[in-house]
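Reading through the structure tokens given below for one structure.
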Amino acid sequence: MTTFAELGVDQDIIDTLAARGIVDSFPIQEQTIPLSMPGQDIIGQAKTGTGKTFGFGIPLVQRLGPFPGPGVQALVVVPTRELAVQVYEDIDMLTTGRPTSVVAIYGGKAYEGQIEQLRAGAQIVVGTPGRLIDLAGQRLLDLSNAHEVVLDEADKMLDLGFLPDIEKIFQKVPEVRHTQLFSATMPGPIVALARRFMSNPIHIRASDPDEGLAQANIHHMVYRAHSLDKDEIIARILQARGRGKTVVFTRTKRAAQKLVDELSDRGFNAVAVHGDMSQEARERSMAAFKSGKRDVLIATEVAARGIDVDDVTHVINHTVPDDEKAYLHRVGRTGRAGKTGIAVTFVDWEDLHKWALINRALDLGQPEPKETYSSSPHLYEELDIPEGTKGRIATAPKTQTVRTPRMHRPGSAVDAAAEGEGGTKRRRRRRRADEAGTVGASFAPDAAADESEPEGGTPSAPEAEAEGIGTHDGSGREHRDGKPAAARRRRRRRRSGTGSPTPGA
DNA sequence: AAAAAAT
């Protein structure tokens, strides 16, 4: 193992890293930092959770020098707002003790703060394409001196959805510059395309090409489950999983919303993140999940790439992801920095082919998924639930399965009973649309207030909570049911009892 | 086709 000092990293950055317990370098850092530091263009490829951010971040901070003058000299572009926040935090940490200042520029947020920081002379900008182009177009962001450019999740940034924006951004930065592209996945055609934006790049792969792209420390499992049984199986996995956090990926925003509602009703500590939520609610969910206040995150593809949360032990694919790249990034939320993780994928009948392609492309060696579900409750006990947990599954009370039919027949007597007082279908739906994903869970009511206090101060907790998810119903009401949020919280607390995550409690 | 990304 090479030390950071041997890689040419400045002592103050070494100290900053050490203060955070980071003393060992990762292979990608060892391979790219010495090349990147003197200005070599790099395409850096390394597995999920193996230190890519510092791989480009350290040279970037260091190349600006210890006392950079004011004005944007470095630009990092990322595909999602949450990743912008995370990368911003990482790079900001690297600048500790330097006058270098970093700003995150992304949508869904007030312009003022971001513009203010740019005016104050920020040197490093981390952002998402839309807002970057917006501010550049308004002459509020000057990229003409950004000689350092990074595309994080580079293959995503160069795919069809983002490419036009990326081309615009490259038109705004200097032609002579240092360009770094990083990702766990770099398909050949994308590498070819990438060369258009780089000069004599070196493509570094931090692992043996025949080794495969999948993390060896992730254990993969497949269930061929009927969609109506998925909630029940997920609940059982969550119950049996022990300490740690879980990310569940859904294909659609609506499915994410529905699942977070269902799991919250079952007493799990779940929050959601998806594009139909307000940015404030998205960030509140992420903060609660990162801090451990909530231990289940239900997410759409938005959280598939780059997001780094400690102690994620399980990733569950509620539906098979689009392709092997999506699979790799999703399951890469676990098994990070040398830890192990479990990846569970539900394969629907119509996804059998898609799954077979992923299984083969990544050489996962998974057998053909067997039909593991049944409408009969005991058959759940035959499920191969993730390691070390079978005993607990087998002893799970049978009565748990009573809750599954509620999903099948919304509005039934069971449904009304679960709602408690005044539970019409319509009211229930409204409550959920507003609430879930913001605080999500039905207990730990104090957390609702904690999570709605970002730095910089926002409205009082009730309003912040009530704002809920943005465009879901497009309303913007301050209250639902005509009751203030505090009263609603009391009602929910009563309904959900003590907060023990026991289904059927 | 869905999700993401400016308002």
Side-chain angles (χ1 to χ4, degrees), chain A residues 75-88 103-115 118 125-141 143 151-170 172 183 185 190 227 247-260 272-283 285-286 297-307 317-323 325-330 333 346 348 350-351 353-355 357-358 437 469-472 474 476:
Chain A
L75 174 66
V76 182
V77 192
V78 301
T80 64
R81 298 166 180 177
E82 285 69 25
L83 190 55
V85 171
Q86 179 184 299
V87 171
Y88 157 79
V103 57
I105 301 287
Y106 58 93
K109 260 249 196 306
Y111 283 86
E112 293 85 57
Q114 296 176 6
I115 293 169
L118 289 171
V125 167
V126 181
T128 49
R131 182 63 70 91
L132 288 171
I133 291 168
D134 183 358
L135 291 186
Q138 294 186 60
R139 308 270 152 149
L140 293 164
L141 168 63
L143 292 173
L151 300 187
D152 193 12
E153 306 299 340
D155 57 326
K156 184 64 164 182
M157 304 316 299
L158 295 173
D159 87 6
L160 260 30
F162 275 118
L163 187 57
D165 283 351
I166 295 304
E167 282 176 324
K168 279 184 207 140
I169 288 169
F170 272 120
K172 298 176 193 294
S183 182
T185 48
I190 297 288
S227 56
V247 183
V248 185
F249 285 102
T250 61
R251 191 175 60 86
T252 64
K253 294 177 279 196
R254 282 185 60 183
Q257 196 59 53
K258 214 175 133 191
L259 187 57
V260 77
V273 60
H274 61 68
D276 270 353
M277 291 163 59
S278 72
Q279 189 54 30
E280 191 195 11
R282 285 167 60 162
E283 286 177 26
S285 285
M286 293 307 299
L297 179 70
I298 317 296
T300 56
E301 204 59 22
V302 69
R305 282 176 176 255
I307 298 301
N317 289 313
H318 188 261
T319 37
V320 177
D322 265 1
D323 57 23
K325 295 187 295 303
Y327 181 88
L328 198 98
H329 286 280
R330 280 185 181 192
R333 295 320 96 208
F346 291 113
D348 296 312
E350 65 268 27
D351 287 337
H353 179 64
K354 206 199 273 179
W355 169 252
L357 293 177
I358 292 171
I469 56 174
T471 60
H472 205 280

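If you check every strand for non-hydrogen atoms under 4.0 Å, A/G107 touches sugar and phosphate atoms only.
Salt-bridge check for A/K109 with A/E283: passed, with a basic side-chain N closer than 4.0 Å to an acidic carboxylate O.
Nucleotide B/dA3 holds its C1' atom 14 Å from the CG atom of A/L160, rounded to whole Å. As rounded to whole Å, 9 Å separates atom C1' of B/dA3 from atom CG of A/D322. Atom C1' of nucleotide B/dA6 and atom CG of A/L140 are separated by 13 Å, given to the nearest angstrom. Between the OH atom of A/Y106 and the P atom of B/dT7 there is a distance of 11 Å, rounded to whole Å. The NZ-C1' distance, from A/K253 to B/dA1, rounds to 12 Å in whole Å. Atom P of nucleotide B/dA2 and atom NZ of A/K156 are separated by 15 Å, given to the nearest angstrom. Taking atom CD1 on A/I166 and atom P on B/dA5, their separation rounds to 13 Å, with Å as the unit. Per the geometry, CZ belonging to A/R81 stands 15 Å off P belonging to B/dA3, to the nearest Å.
Cation-pi check for A/R131 over A/Y111 is met; the charged atom lies under 6.0 angstrom from the ring centroid and within 45 degrees of its normal.
For the atom pair CG of A/L140 and CG of A/L135, the computed distance is 5.5 Å after rounding to the nearest 0.5 Å.
The side chain of A/R254 contributes no N or O atom lying less than 4.0 Å from OP1 or OP2 of B/dA2. Between A/R282 and the phosphate of B/dA5, there is a side-chain N or O to OP1/OP2 separation shorter than 4.0 Å. An OP1 or OP2 oxygen of B/dA4 is reached within less than 4.0 angstrom by a side-chain nitrogen or oxygen of A/T300.
Taking the six-membered ring for Trp, A/W355 and A/Y327 have ring centres closer than 6.0 Å.
Relative to the side chain of A/R131, the nucleotides B/dA6, B/dA3, B/dA2 differ in distance, and B/dA6 lies closest. Closest to the side chain of A/Y111, from the set B/dA5, B/dT7, B/dA3, is B/dT7.
With hydrogens and angles left out, the side-chain atoms of A/Q279 and A/R282 include a donor and acceptor closer than 3.5 Å.
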